[in-house]
2 protein chains.
Amino acid sequence: MTEQMSTSTRDRLTTATAELMRAQGYSATSVKQITVAARAPMGSLYHHFPEGKPQLAAAALRTSGAAYIQLLPLLMDPYDDLRDAVPAAFDAAAEQIEQTGWINMCPVGTVAGEVADSEPGLREVAAEVIAFWIDEGTDYLTSRGLATVDARELILAILSALEGAFVLSRTLRSAEPLHAAGRAMAARVEAMVAVR
Amino acid sequence: MTEQMSTSTRDRLTTATAELMRAQGYSATSVKQITVAARAPMGSLYHHFPEGKPQLAAAALRTSGAAYIQLLPLLMDPYDDLRDAVPAAFDAAAEQIEQTGWINMCPVGTVAGEVADSEPGLREVAAEVIAFWIDEGTDYLTSRGLATVDARELILAILSALEGAFVLSRTLRSAEPLHAAGRAMAARVEAMVAVR
DNA sequence: GTCTATATGCTGATAGAC
DNA sequence: GTCTATCAGCATATAGAC
């Protein structure tokens, strides 16, 4: 009934890793930092993740990546018209990141950029996560009335613009890039529904 | 007359740093790697950059950032119509990155994502570079016939989409995100010129 | 499964001869 | 301005008691 600490050591490790990588990326995050943040001893880390830091980072990317894409329907469902839903999602992301002190919502983009040419195993995991985003996003946009080819085309542009605008907004400490990116994506939707 | 080695030690250090950060980011790039790649001894690095690695990285970001934005007019000038010029620039970037083995063209985006919440000094330098991109891009798009507000709006969306699509394309090893992002930006241009 | 103590190597940075 | 030798500290990872 109390349930005061239901999280397992393993879960605390993956969560702490995701949180730290969200702010610092992969290379700058040390296993020492992770064990302190997760209140777990070194030995537990290598018990649960025998291959060490890369394996732990992979688990963290998979978990947070799966959670991240669920925001898409959550933010867009309230709007009947896709032309309103898409920019609204960008505006919500802008508000969120501004209120949380410009920390990224998800570590996948940052880590992907870091490891794309240096850590082959992690790059593959990031690619799996992004491919999952594309598939889920395509399904969702199809359910919102787009043809499958249009849905895939649009989700690719949305994910690109969102990830890039996050980098610009975090760096500039300004929501302007996220809002501009959202309006651009609204124009893309408009062009798609206009051709019908 | 021979001039066989015109590059100074200082230039070789900044160039090597930019190249390494392009592929690995900031944290994963060690000063040892840099001195080997630049064929410069440790002492020279700390002679030219007394504040060490962060100062060297800052110089590398400024230099490569200034060179990077010059690609914009270079790629877009050949097209009379902005509606053709914008997607053509994305397609050219896609071809370039595919041919060079999916290595980033510029270290600024990757490094910015890494250091936005952890290295305040470097984050500020990255912000300066991106602000310069926005100003230069606004000027260029104004010279191509857009109103100033539209020009700024568009360059913010283009830079966001380009940086994000680079991350996706490098990670997925596919040019698809860059092409989709380019077509989305073409729709944004179309919407702007249509209102005239 | 948990935890401490420790090994080994690499990190950024410095001292000081040339 | 160049270069070598070296520092102290932190990195990842492991051994082995509990």
Side-chain angles (χ1 to χ4, degrees), chain A residues 3-21 23-61 107 110-111 114-115 118-123 125, chain B residues 3-21 23-61 107 110-111 114-115 118-123 125:
Chain A
E3 270 274 354
Q4 51 182 353
M5 193 52 77
S6 64
T7 54
S8 65
T9 299
R10 194 180 195 284
D11 285 349
R12 289 202 315 280
L13 283 166
T14 52
T15 303
T17 304
E19 294 277 308
L20 285 164
M21 289 198 304
Q24 303 177 338
Y26 173 73
S27 304
T29 298
S30 73
V31 293
K32 180 70 186 167
Q33 276 182 306
I34 293 168
T35 54
V36 168
R39 287 159 296 128
M42 279 260 94
S44 289
L45 192 157
Y46 286 90
H47 170 76
H48 291 289
F49 302 93
E51 288 152 55
K53 186 180 165 180
Q55 189 186 6
L56 176 51
L61 287 187
T110 306
V111 173
E114 254 186 294
V115 302
S118 46
E119 294 263 351
L122 267 183
R123 193 223 98 217
V125 172
Chain B
E3 270 274 353
Q4 51 182 354
M5 193 53 76
S6 65
T7 54
S8 66
T9 299
R10 193 180 196 284
D11 284 350
R12 289 202 315 279
L13 283 166
T14 52
T15 304
T17 304
E19 294 276 307
L20 286 164
M21 289 198 304
Q24 301 177 339
Y26 174 72
S27 304
T29 298
S30 72
V31 292
K32 179 70 183 169
Q33 277 183 305
I34 294 169
T35 54
V36 169
R39 287 158 296 129
M42 280 261 89
S44 290
L45 191 158
Y46 287 91
H47 171 77
H48 292 287
F49 303 93
E51 289 154 54
K53 187 181 166 181
Q55 188 186 9
L56 176 51
L61 287 188
T110 305
V111 173
E114 254 185 294
V115 303
S118 45
E119 294 263 350
L122 267 184
R123 192 222 101 216
V125 172

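Chain identifiers are assigned alphabetically (A, B, ...) following the order of the sequence lines, protein sequences preceding nucleic acid strands; residue numbering begins at 1 within each chain. Just so it is clear, the model here is predicted, and its values are computed rather than measured.
- Atom pair B/Arg10:CZ and D/dT2:P shows a separation of 12 Å (rounding to whole Å applied).
- Sorted by first then second residue, the side-chain hydrogen bond (donor to acceptor under 3.5 Å, both in side chains) pairs that include residues 29-38 of chain A, not counting sequence neighbours, are A/Gln24-A/Thr29.
- Every residue two or more places apart in sequence or in another chain that forms a salt bridge (charged side-chain N to carboxylate O under 4.0 Å, His left out) with B/Glu19 is listed here: B/Arg22.
- Applying the 4.0 Å criterion to OP1 and OP2 of D/dC3, one finds that B/His47 has every side-chain N and O outside that range.
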### Task
Could you please spell out the steps behind the side-chain contact (heavy atoms from CB on, under 4.5 Å) verdict for B/Thr110 and B/Met21?
CA-CA 8 Å; B/Thr110 305; B/Met21 289 198 304; over 6 Å; no

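- Of the side-chain N and O atoms in A/Thr9, none sit less than 4.0 angstrom from OP1 or OP2 of C/dG1.
- Atoms CD1 (A/Ile34) and P (D/dC10) sit 17 Å apart, rounded to a whole Å.
- Here D/dT4 presents its P atom at 14 Å from CG of B/Leu45, a figure rounded to the nearest Å.
- Following rounding to the nearest Å, A/Gln24 (CD) and D/dA11 (C1') show an atom-to-atom distance of 14 Å.
- A 4.5 Å side-chain heavy-atom check between B/Pro54 and B/Tyr26 finds at least one atom pair inside the cut-off.
- One interatomic measurement links the two molecules: CZ of B/Arg39 to C1' of D/dT2, which rounds to 15 Å at whole-angstrom precision.
- Within the structure, a side-chain polar atom (N or O) of B/Ser44 is placed less than 4.0 Å from OP1 or OP2 of D/dT2.
- Taking the side chain as every heavy atom from C-beta outward, B/Glu51 and B/Tyr46 never approach each other to under 4.5 Å.
- Residues A/Thr7 and A/Thr15 are not in side-chain contact: their nearest non-hydrogen atoms beyond the backbone lie 4.5 Å or more apart.
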### Task
Let me have a per-nucleotide readout for nucleotides 12-18 of chain D, 5' to 3', with B, S or -, counting only protein heavy atoms under 4.0 Å.
SBB----

